[in-house]
Amino acid sequence: MAACETTPPTPEEAAQRCERRAQAAQAPSVGGTVGVSSDTGASVGLSIGVSADLLRGRDPLEVYETCVIDLTGEPPIRPARLRVL
């Protein structure tokens, strides 16, 4: 059974993973694609991602701190590095 268990992330790995989640709580993510094919011609795609934390209106810093504690059992080792909106 021990072989099936995953090792918990390091504090830095948890911080990075949780920063991505906190950034998703700040604003929707937007992506786009443009392509050209000899079969279909030009194509354009757009995607918009919205996290559950954003829909709930959760504070991104709270999302970060809670996420790190859930992953490591400890408070964050450093403040979140979030983009400025």
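For residues 25-39, no residue pair satisfies the salt bridge (charged side-chain N to carboxylate O under 4.0 Å, His left out) rule, not counting sequence neighbours. Contacts classified as disulfide bond (SG atoms under 2.5 Å apart) and involving residues 11-70 (residues at least two apart or in different chains) are given here: Cys18-Cys67. Pairs of residues two or more places apart, or lying in two chains, that qualify as side-chain hydrogen bond (donor to acceptor under 3.5 Å, both in side chains) and include a residue from residues 72-81 are Glu12-Arg78, Glu19-Arg78.
Residues Ala25 and Val63 come closest through the heavy atom pair CB-CG2, 4.0 Å. Nearest heavy atom pair, residue Pro60 against residue Gln26, reads CG-CG, 3.5 Å. The two residues Ala24 and Ser51 make their nearest non-hydrogen contact at O-OG, 3.0 Å.
Annotation: side chain of Leu54 is in contact with side chain of Pro28 (closest heavy-atom distance under 4.5 Å).
Other residues sharing a hydrophobic cluster with Tyr64 under the 4.5 Å side-chain heavy-atom criterion for ILVMFWY residues are Val68. Leu82 forms part of a hydrophobic cluster together with Leu61, judged by ILVMFWY side-chain heavy-atom separations under 4.5 Å.
In this structure, the separation between CG on Asp53 and OG1 on Thr66 is 9.0 Å, given to the nearest 0.5 Å.
Partners of Pro9 according to the side-chain contact (heavy atoms from CB on, under 4.5 Å) rule, which considers only residues two or more places apart in sequence or in another chain, are Glu13, Ala14, Arg17, Leu71. Applying the salt bridge (charged side-chain N to carboxylate O under 4.0 Å, His left out) test to Glu62 and every residue at least two apart in sequence or in another chain returns Arg58.
The main-chain N or O of Val44 is never found under 3.5 Å from a side-chain atom of Thr33 such that the two would form a donor-acceptor pair.
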Note to self: Using side chain to side chain contact (heavy atoms under 4.5 Å, CB included), reason through Leu55 and Val50 one step at a time and then give a plain yes or no.
What the structure shows: CA-CA 7 Å; Leu55 290 174; Val50 180; 3.6 Å; yes

